[in-house]
There are 2 protein chains.
Amino acid sequence: MHITRYTDYSLRVLIYLAVQGDELATIQEIADSYDISKNHLMKVVHQLNKKGYIETVRGKKGGMRLQMAPADINVGILVRETEQDLNIVECFSSKNACRITPVCGLKSMLGEALTAFLQTLDKYTLADVIQDQHRPQLLRLLQIA
Amino acid sequence: MHITRYTDYSLRVLIYLAVQGDELATIQEIADSYDISKNHLMKVVHQLNKKGYIETVRGKKGGMRLQMAPADINVGILVRETEQDLNIVECFSSKNACRITPVCGLKSMLGEALTAFLQTLDKYTLADVIQDQHRPQLLRLLQIA
DNA sequence: TTTGTAGATGTATTATTAGTACATCTTTAA
DNA sequence: TTAAAGATGTACTAATAATACATCTACAAA
């Protein structure tokens with residue numbers, strides 16, 4: 001059981017921006033800080049912009065910054081919006097072919113478990129991820145000047 | 001986010017055997033009932049046997065049956081044992097390369113969420129999956145004589 | 001004791017899809 | 001006008017889940 005790197009990277013971008021503050025950050029800087037693919041990050045950033053989490057500025061001296069306060073960015077909601085496919089087993093998807101689905105108790109159990117997973121994340125915001133006490137270390141680890 | 005078909009099939013085999021009762025069932029019968037790959041099921045059955053969930057009988061007139069009572073087969077434990085990789089994000093695995101892991105609050109949140117997921121499943125057993133009231137329909141849907 | 005049927009086991013192949021790379025376009029500050 | 005930044009779509013690669021296949025072992029019935 002995994003969440004996709006896409007969701008992981010989305011969270012990392014938001015963490016970077018929250019630590020960085022009001023300055024604009026470029027995709028290149030974030031990719032370098034985490035040592036991950038710039039091209040993949042591009043899609044992540046594009047989606048975060050579309051969903052209103054960040055604002056992007058094109059052109060020279062462009063970049064991006066958070067459009068919402070860290071305390072208003074809920075981790076559970078973000079995961080739900082970012083994780084493409086939350087059908088944890090076949091019977092949750094539209095192309096289900098399992099014959100016993102109508103009378104199988106498993107589906108509701110797994111649904112309840114998934115809800116418990118997401119509701120746990122609903123308790124937290126981006127501000128909780130980056131506690132103030134850790135900000136200096138995060139600035140250093142992410143090599144933000 | 002998914003669980004693997006391997007885990008799904010493990011659960012389906014146990015459901016079949018619980019519905020079937022004391023008779024021996026062959027891999028072929030189970031594969032036919034669910035219309036899934038016999039070859040894939042072989043591995044699933046082998047592992048369920050190794051873990052003590054079922055007993056298998058080789059040779060002519062062979063097959064398999066449950067080795068534990070349905071009420072003693074816990075769904076959460078089974079999922080933990082069957083799902084190969086429960087490292088939901090990179091920082092949970094041994095080959096983690098994310099720089100901020102030491103001060104990142106996300107790891108404990110996702111850990112807590114995963115625990116909530118599994119603990120939900122811990123509340124249920126195979127007997128809960130197959131409620132008595134549904135047994136006749138399950139027998140029919142699985143085409144068990 | 002032979003034969004056929006069942007599971008045991010390991011290897012190879014296929015398919016899916018996440019992840020990555022690349023090319024080109026648009027925007028904007030200097 | 002140019003360089004630097006994001007926008008966008010397409011194509012490729014890699015990882016791994018899923019499947020198929022081949023051969024072995026065990027057992028029961030004829």
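In what follows, chains are A, B, ... by sequence order, proteins preceding strands, each numbered from 1.
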Which residue lies more 5' along DNA chain D, comparing B:Y9 with A:K43 via nearest heavy atoms: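 Result of the comparison: A:K43.
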
For A:H2 and for A:K38, locate the closest nucleotide of DNA chain D by heavy-atom distance; then report the residue assigned to the nucleotide nearer the 5' terminus. A:K38

Residue [X], side-chain heavy atoms: nucleotide from [options] that is nearest:
X     : options               : answer
B:M42 : D:dG6, C:dA8, C:dA6   : C:dA8
B:K60 : D:dA20, C:dT26, C:dT5 : C:dT5
A:S37 : C:dT20, D:dA18, D:dG6 : C:dT20

Within the pair [X] and [N], is there a side-chain N or O less than 4.0 Å away from OP1 or OP2?
X     : N      : result
A:Y6  : C:dT20 : no
A:T26 : D:dA4  : no
A:R5  : C:dT20 : yes
B:T56 : C:dA6  : no
A:N49 : D:dA7  : yes

DNA chain C: A:N39 or A:G59, which has the more 5' nearest nucleotide? A:N39

At less than 3.5 Å, do the side-chain atoms of B:R58 and the base atoms of D:dT25 form a donor-acceptor pair? yes

Could you tell me whether A:R65 and A:E55 make a salt bridge, using a distance below 4.0 angstrom between a side-chain N and a carboxylate O?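 Yes, this pair counts.
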
